[in-house]
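These figures come from a predicted structure and were not determined experimentally. We name chains A, B, ... by the order of the sequence lines, and we start the count at 1 in each one.
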Protein chains: 2
Amino acid sequence: MAWCDAGAPDGSCAPDPDVRERLLRAAVEVFDRKGYAATSVREIVEHARVTKPALYYHFKSKEGILVAILEEGARQFQEAIARAAASKGTARQRLVALCEQAYGLFRQNVPVVRVAHAVYYGPREGLPAFDLTVFERKLVAAIRQIIQDGVAAGELQPGSVEHMSIAISAVIAVCTDQEISPHSTPVGLDGLHGVLDVVFEGMLARHLPGPES
Amino acid sequence: MAWCDAGAPDGSCAPDPDVRERLLRAAVEVFDRKGYAATSVREIVEHARVTKPALYYHFKSKEGILVAILEEGARQFQEAIARAAASKGTARQRLVALCEQAYGLFRQNVPVVRVAHAVYYGPREGLPAFDLTVFERKLVAAIRQIIQDGVAAGELQPGSVEHMSIAISAVIAVCTDQEISPHSTPVGLDGLHGVLDVVFEGMLARHLPGPES
DNA sequence: GTCTATACATCGATAGAC
DNA sequence: GTCTATCGATGTATAGAC
C-alpha cells in the first residue's frame, strides 16, 4: 500500500534518500501557507507522502525541520552576499549589483523567505534554536563596506555612512516585503533600479540656472 | 475569591465594563509575545483575570478578539495619516511630517504593530476577517498625493512619482521594522531625519567646480 | 454577565514490530 | 529506516447554573 512498494519486488521499502528532501519541500510549503505554529506534523508528512516517525527520524522534532530550512536558506543567502561584495566598479554599480543579487535570490525563493521573515519578526517566545541575525548582519556589513569605499573615493557624500546604509537596506527591504506580501504588487527589477536611482540622485529637483529665473 | 468581590458588599459580581478592555490589553500582550496561533484562550483570560466564557461573550471567538485589536489599530492609524496629509508647507516638509506621524504612532504602539505586522505578512490560510490592506493603501495614497503636489510645484523631480513614493514608504518601513524586530537597534527620530535627508538630496557627492579639478 | 465543569478534536511525540 | 498504533497533554468552544 505504501508508495515505495512499486519499486521493490519483495514488497519491502528500501531506504529512500529522497524522503528527507521531500519532507523539507513539504514543510516549506505548509509553513509558508499556514504558518509554523498552525502547521501540524500530520499535514507535513501527508504532503510529503511519508509517515510521522520518518519525520522524527530525519529531523528530531517539528522545530528541527524548521531549523534545517533556515540553515539552508542562510547558506544560499550568504553565498549571494559574498559574491556581490566581491564585485568591481563604482560604489553605485556595486550597490546596485548587491541589491540585484539579494532581490533576485529572494524572488527565486519566496516561500523560504516568507518563512524566514515570519520567524524573524515573529514571536519572541518559542523561537527556534537558530541565529536569525546572520541575514541582517551580513547584508548590512556588505552595504556599509561598499559605501565606505565610495566615500573614500569621493564618489559618495561623506558624513552619512550610517544613514546611507539604512537607505540602501530600506530599498532591499521594501522590494522584498512587496514580493512576499500577498496583498502588494511586486516592484520588479525595473522598479528596483528606479528606486535606487532616486536614492542615489535624490528627490529634489535640481535648480539649474535657466532663462526662467 | 474573584477579584470583584472586594467592591461588592453582597459578594455578587456587578457587570464589569472593564472586562472587555482588560481582555483586549491581555490579548495584545500575549499575541505579541507568543504569536496568534500559538496563543491559547486560557492564557489570555488568565492574564486578564477573567474566565473563558467572558471572552466568548464579549468577542465571539479567539479570532474575534484579534479582529477587534486590528480594527482599533486601523482607526488610530488612519487618523494619524489624515492629520499628516492635511499639513502645510513644502512637499519635503509635509513628507517629513507624515513620516514622523507614522513612525511616532508605531513607536507608541509597538505591540499592536507587531501583531498587525505578523498578520499582514503572515500565513495566507487562517486569515482573520479583516481587510489588512487599509494600512498600506492609505499610507501610499497620502505619500503619492504629496509627491504629486511637489512635482507640480517644481520642487521634486518629475517623471519618478512612483519610484519616489516607494522610496519614502521604504524609509517608513525600515524604521518600523527595526523598531518591532527584537534583533535590531531602533533608528530613532534623528535617524529617520538623517535617512530622509539622504533620500531627498541623494547619496552621490556633488562635484562642485573646485581648485582640484 | 459571569461562573464551574466538561465535551470533543487534535496536537507532538513515541513504543515496538519488521 | 519505515511502518501501525497509541499515549498523554492541550486546544477551542459550550452547556447550564446563578
Side-chain angles (χ1 to χ4, degrees), chain A residues 1-24 26-27 30-31 34-69 123 125-129, chain B residues 1-24 26-27 30-31 33-68 123 125-129:
Chain A
M1 161 174 300
W3 65 272
C4 56
D5 288 351
D10 60 349
S12 74
C13 285
D16 190 345
D18 226 44
V19 167
R20 186 188 157 94
E21 186 65 23
R22 286 217 311 282
L23 276 167
L24 278 175
V30 188
F31 285 161
K34 309 194 55 169
Y36 171 74
T39 295
S40 69
V41 177
R42 180 185 145 275
E43 280 175 291
I44 299 174
V45 298
E46 278 185 2
H47 203 271
R49 292 171 310 172
V50 301
T51 55
K52 223 186 295 189
L55 185 150
Y56 284 95
Y57 173 79
H58 287 281
F59 313 90
K60 79 168 204 192
S61 65
K62 179 182 163 186
E63 180 184 319
I65 199 166
L66 172 62
V67 170
I69 291 167
E125 286 186 17
L127 280 179
Chain B
M1 161 176 302
W3 64 272
C4 56
D5 287 351
D10 58 352
S12 73
C13 284
D16 190 342
D18 226 42
V19 167
R20 187 188 157 94
E21 186 65 22
R22 286 217 311 281
L23 275 167
L24 278 174
V30 188
F31 286 160
R33 184 156 43 84
K34 309 196 56 170
Y36 172 74
T39 295
S40 69
V41 175
R42 181 183 144 276
E43 280 174 292
I44 299 174
V45 298
E46 276 185 1
H47 204 272
R49 293 171 309 173
V50 301
T51 55
K52 228 184 289 191
L55 184 149
Y56 284 94
Y57 173 81
H58 286 280
F59 313 89
K60 81 167 201 189
S61 65
K62 180 182 163 186
E63 179 183 319
I65 200 167
L66 172 62
V67 170
E125 286 186 17
L127 282 178

Quick one: salt bridge (Lys or Arg N to Asp or Glu O under 4.0 Å) partners of A/K34, sequence neighbours excluded?
-> A/E43
Residues at least two apart in sequence or cross-chain that pass salt bridge (Lys or Arg N to Asp or Glu O under 4.0 Å) with A/E125, listed by chain then number, are B/R33
Quick one: list whatever passes side chain to side chain contact (heavy atoms under 4.5 Å, CB included) with A/A38, sequence neighbours left out.
-> B/A37
Whole-Å distance separating the OH atom of A/Y57 from the C1' atom of C/dA13 | 17 Å
Separation of C/dG1 P from B/R49 CZ (nearest whole Å) | 20 Å
Under 4.0 Å: is that the gap between some side-chain N or O of B/T51 and OP1 or OP2 of C/dT2?
-> no
Which residues share a salt bridge (Lys or Arg N to Asp or Glu O under 4.0 Å) with B/E63, sequence neighbours left out = none
Considering residues at least two apart in sequence or located in another chain, which fulfil the side chain to side chain contact (heavy atoms under 4.5 Å, CB included) criterion with B/K60?
-> none
Between C1' of C/dC11 and CD of A/E46, the distance in whole Å | 14 Å
Atom pair distance, as rounded to whole Å: CZ in B/F59 and P in C/dG1 | 13 Å
Considering all heavy atoms of both residues, which atom of B/V67 and which atom of B/P128 are nearest to each other, and what is their separation?
-> CG2-CB, 3.9 Å
Taking atom C1' of C/dG12 as reference, at what distance in whole Å does atom CG of A/L66 sit?
-> 15 Å
Contacts under 3.5 Å, N or O only, protein and nucleotides 11-15 of chain D:
unit_1 : atom_1 : unit_2 : atom_2 : d
D/dT12 : OP1    : B/T39  : O      : 3.0
D/dT12 : OP1    : B/V41  : N      : 3.4
D/dT12 : OP1    : B/K62  : NZ     : 3.2
D/dT12 : OP2    : B/V41  : N      : 2.8
D/dA13 : OP2    : B/Y56  : OH     : 3.0
D/dA13 : OP2    : B/K62  : N      : 3.3
D/dA13 : N6     : B/K52  : NZ     : 2.7

Rounded to the nearest Å, what distance is computed from the NZ atom of residue A/K34 to the C1' atom of nucleotide C/dT10?
-> 12 Å
